Amino acid sequence: MSTHDNSDSTVDLNLVQDVAALIRAFTVPADRDQALADVEAIITQLVDDVTQSSSPVAVSTLTALLPELLRNATTWPYTEGRERLHAKITWAVDKCGKHDVAVAMPADRGVSYLIPAAEIVPIATDDEEVASEFEHAFASDGRISNMTRIMAFHPQFLKGFREFHNSLLGTIGPLPEDVRHFLAMMAASRYNCDYLVNVHLLHFKECDGCEEWLTDPSAIPERFKPWLVINSLLAYAPWQLNQGHFKPLEKGPDRWSPPEIVHGVLILAHLHALASFVFGVGLHPELDLQTDAPTLDTHPTGKVLDPEGEMDARQRQWLESTIQRLKAEDSVEGSASQDDEAGEGSATDYQPDEDNRWRQLFNASSLPSWDPVWLETHQDFNVHEYKLFRTTDTIWTDHLYNEVRKNCSELASKLDAEFASIRNLTYAFIGQRTSERVDTRRVRWAIWNYCLRVRGIEVEGFDYQNINTMLENNVPLKRYCKEVTCYPDAMASSTYHNVTVMQDSEKVHVTLLAMDARKHSSLLYAFAAMGFPSFSNRS
């Protein structure tokens with residue numbers, strides 16, 4: 001028996017690996033029933049070892065298995081299997097307890113610390129479109145993640161997102177899988193996003209990534225070190241990127257090919273944006289990925305608005321006036337003031353998470369000497385110091401798509417589908433006024449272009465007065481958009497809750513808009529810095 005030290009006792013690693021293999025078989029319909037029966041038999045044997053011989057190895061092994069077993073017992077998209085597994089776990093814990101052996105049931109924190117559990121789409125949903133997405137997620141990922149649960153508010157978007165996400169980090173593209181997940185951890189570390197780091201840490205280990213890289217910065221191969229600066233600047237001040245930051249990737253015996261560089265940039269931009277989503281909707285890690293690290297809901301709560309107060313009244317006024325404007329299809333002439341840099345909130349509000357254990361792995365001590373630039377926190381775009389990146393509303397279809405397609409063709413089509421989905425996602429209502437059908441494009445594009453503008457990007461032909469028109473009297477919504485876009489790891493829970501006139505599903509929609517606007521802006525800056533001809537006229 002192969003065992004591993006675990007606190008005061010040991011864990012049967014062979015048995016843990018056997019159960020992991022059986023759980024993977026849950027995703028194969030033909031193998032599902034037998035795999036579940038085998039897991040039930042293993043649980044029974046462990047309980048017998050605990051109750052009949054007080055085996056410390058059995059206690060430790062059962063305890064080690066419970067988080068993953070319980071995750072499947074609560075999120076497996078097949079009702080019979082979910083109920084059987086949950087009943088078996090409950091029986092095991094109860095029987096051990098009757099023999100005075102404490103086997104602790106892991107605490108399930110739920111899906112989100114911002115969104116009430118009653119509002120989240122249940123696993124046993126009657127919505128056929130969502131149920132189908134859950135089944136696809138379980139079949140491909142072996143789990144229905146909390147990220148998937150929240151995105152299921154918008155199954156049309158979830159489908160396109162998952163296809164791009166799984167392709168980017170899975171089998172499509174030139175980079176090896178361990179490199180993909182290492183870059184993903186590097187990106188998530190900028191925001192100390194435990195949720196994402198732990199997901200990709202799991203995958204990194206599953207594809208036999210070098211675990212020494214995770215504990216010793218000096219062990220990280222030299223070829224990765226230019227990415228450290230690119231990662232920092234892309235996260236906090238992408239307008240500072242230039243061609244010199246990418247040149248070291250193209251030199252030396254371990255140089256990166258152009259398709260590999262594009263693939264790497266896509267991963268960094270995607271994970272930075274995904275961190276915005278994780279913090280913006282307050283995701284908890286799944287049961288088997290929970291750590292002893294401080295949880296996300298230890299972030300400051302901030303000041304929650306008085307439901308009867310002036311600011312909330314202004315939001316109700318905003319809702320009423322916005323619906324009336326959209327009904328009347330008003331068109332307000334005007335242009336943006338170039339001094340309108342950041343909207344609500346500023347860099348002085350930003351307080352990064354002090355628990356920076358992941359940042360320490362990818363820190364400045366590992367940087368090569370050729371570039372001293374290193375940022376630790378978000379920098380607000382200063383229009384007096386940097387030029388606005390002026391672009392067009394069709395920049396993706398006209399230029400970005402082609403650059404991605406030339407280097408990673410299949411990823412280009414899947415990212416195009418995701419962007420098309422967020423552009424078209426609408427339910428034709430705002431707030432609780434679900435019976436009043438309106439075209440919400442102007443509100444959605446005000447949010448999208450505001451999120452671009454706080455990162456220094458100005459879209460030619462867009463009437464920036466529309467931001468003031470559509471978002472006036474809703475300071476909390478503008479603050480939420482900016483914090484999710486710029487410094488999500490410092491967002492207080494009150495920032496979410498103070499957007500009082502929108503339903504949770506709508507706030508998730510806003511978060512998706514901010515997430516993809518951020519990803520879009522990151523790709524613009526990165527591709528311009530890489531010197532692609534399409535961006536030679538940047539002003």
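Note that this is a predicted model, so its numbers are computed, not measured.
- Sorted by first then second residue, the side-chain hydrogen bond (donor to acceptor under 3.5 Å, both in side chains) pairs that include residues 259-276, not counting sequence neighbours, are His165-His270, Asn231-His272, Ser257-Glu260, His270-Lys519.
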Pair His203-Val199, side-chain contact (heavy atoms from CB on, under 4.5 Å): steps then yes or no: CA-CA 7 Å; His203 292 315; Val199 166; 3.8 Å; yes
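- Taking the ring axis of Tyr496 as reference, the NZ or CZ atom of Lys507 stays within 45° of it and closer than 6.0 Å to the ring centre.
- Side-chain atoms of Arg518 never come within 3.5 Å of backbone atoms of Met515 as a donor-acceptor pair (strictly under, hydrogens ignored).
- The structure places CG of Asp398 at 9.0 Å from OG1 of Thr391, a figure rounded to the nearest 0.5 Å.
- Summarising the geometry of Pro116 relative to Asp504, their closest heavy-atom pair is CD-OD2, 3.7 Å, with the distance given to 0.1 Å.
- A distance of 4.5 Å separates CG in Asn468 from CD in Gln465, rounded to the nearest 0.5 Å.
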Evaluation steps, side-chain contact (heavy atoms from CB on, under 4.5 Å), between Val454 and Cys486: CA-CA 8 Å; Val454 296; Cys486 296; 3.8 Å; yes
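- At least one side-chain heavy atom of Lys414 sits under 4.5 Å from a side-chain heavy atom of Ile172.
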Verdict with supporting geometry, Gln240 and Tyr386, side chain to side chain donor-acceptor pair (under 3.5 Å): CA-CA 9 Å; Gln240 294 184 25; Tyr386 297 98; 3.2 Å; yes
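- Using modelled atom types, no side-chain atom of Thr495 and backbone atom of Met491 make a donor-acceptor pair closer than 3.5 Å.
- Within a 6.0 Å radius of CD in Glu410, other residues, nucleotides and ligands contribute 12 heavy atoms or fewer.
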Residue pair Val281, Met147: steps toward the side-chain contact (heavy atoms from CB on, under 4.5 Å) verdict: CA-CA 9 Å; Val281 299; Met147 181 175 70; over 6 Å; no
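- Formation of a donor-acceptor pair under 3.5 Å by the Gln156 side chain with backbone atoms of Leu425 is not found in this model.
- Counting all heavy atoms, side chain and backbone alike, Leu274 lies closest to Phe161 at CD1-CZ, 3.6 Å.
- The pair Glu163-Lys159 meets the salt-bridge criterion, with a side-chain N (NZ, NE, NH1 or NH2) lying under 4.0 Å from an Asp/Glu carboxylate O.
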From CA spacing to verdict: side chain to side chain donor-acceptor pair (under 3.5 Å), Thr148, Ser145: CA-CA 5 Å; Thr148 297; Ser145 69; 3.1 Å; yes
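- Looking only at distances, no side-chain donor or acceptor of Ser132 sits under 3.5 Å from a matching main-chain atom of Glu129.
- For the pair Arg455 and Trp239, the cation-pi criterion (under 6.0 Å, within 45° of the ring axis) is not fulfilled.
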Phe224 vs Phe182, ring-ring contact (aromatic ring centres under 6.0 Å, His included): CA-CA, chis, key distance, verdict: CA-CA 10 Å; Phe224 284 101; Phe182 188 69; 5.1 Å; yes
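- Two residues are said to be in side-chain contact when any heavy atoms from C-beta on lie closer than 4.5 Å; Val130 and Phe153 fail this criterion.
- Shown here for Tyr450 and Lys478, the closest heavy-atom pair between the two residues is CE2-O, 3.5 Å.
- Considering only heavy atoms from C-beta on, Ile261 comes within 4.5 Å of Glu250 through its side chain.
- No hydrogens or angles considered: a donor-acceptor pair under 3.5 Å links the side chains of Trp396 and Asp416.
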Worked verdict on Ile447 versus Val443 for side-chain contact (heavy atoms from CB on, under 4.5 Å): CA-CA 6 Å; Ile447 292 170; Val443 175; 4.2 Å; yes
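- Between the side chain of Glu403 and the backbone N or O of Leu400, no donor-acceptor pair lies under 3.5 Å.
- Not a single donor-acceptor pair under 3.5 Å links the side chain of Tyr195 to the backbone N or O of Glu286.
- Atom CG of Leu234 is separated from atom CG of Leu241 by 6.0 Å, given to the nearest 0.5 angstrom.
- Minimum heavy-atom separation, Pro476 to Asn498: CB-O, 3.4 Å.
- Taking each heavy atom of Leu114 and Gly280 in turn, the nearest pair found is CD1-O, 3.5 Å.
- For residues 179-188, the pairs satisfying side-chain hydrogen bond (donor to acceptor under 3.5 Å, both in side chains) are His181-His200, with sequence neighbours left out.
- In this structure, Val484 and Phe277 have side chains that are not in contact, with every pair of non-hydrogen atoms separated by 4.5 Å or more.
- Classification of Asp463 and Arg442 as a salt-bridged pair fails, no side-chain N sitting under 4.0 Å from a carboxylate O.
- Using a 4.5 Å heavy-atom cutoff, the side chains of Leu452 and Leu524 are not in contact.
- Rounding to the nearest 0.5 Å gives a distance of 4.5 Å between CG of Leu415 and CZ of Phe164.
- Atom OG1 of Thr377 and atom OH of Tyr487 lie 11.0 Å apart (nearest 0.5 Å).
- With sequence neighbours left out, the side chain to side chain contact (heavy atoms under 4.5 Å, CB included) criterion links Asn166 to Ser140, Asp141, Arg162.
- A donor-acceptor pair shorter than 3.5 Å can be found between the side chains of Tyr480 and Thr511.
- For Ser232 (side chain) and Val229 (main-chain N/O), no donor-acceptor pair under 3.5 Å exists by modelled atom type.
- Taking the six-membered ring where tryptophan is involved, the planes of His154 and Tyr427 are tilted, since the angle between them lies from 30° to 60°.
- With salt bridges taken as basic N to acidic carboxylate O contacts below 4.0 Å, none links Arg390 and Glu460.
- Atom OG of Ser409 is separated from atom CG of Asn402 by 12.0 Å, given to the nearest 0.5 angstrom.
- What you find for Ala446 and Phe462 is that their closest heavy atoms are CA-CZ, 4.2 Å.
- Within the 4.5 Å cutoff, the side chain of Cys481 has heavy atoms near those of the Leu477 side chain.
- Leu266 pairs with exactly one of Asn407, Leu523, Leu271 by the side-chain contact (heavy atoms from CB on, under 4.5 Å) rule, that one being Leu523.
- Inter-residue side-chain proximity for Asp516 and Trp448 is flagged as met; some heavy-atom pair is nearer than 4.5 Å.
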Pair His284-Tyr113, ring-ring contact (aromatic ring centres under 6.0 Å, His included): steps then yes or no: CA-CA 7 Å; His284 279 307; Tyr113 59 85; 5.6 Å; yes
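- Here the side chain of Tyr236 pairs a donor or acceptor atom with the backbone of Arg190 at under 3.5 angstrom.
- Taking 4.5 Å as the limit, every side-chain heavy atom of Asn424 sits out of range of all side-chain heavy atoms of Phe157.
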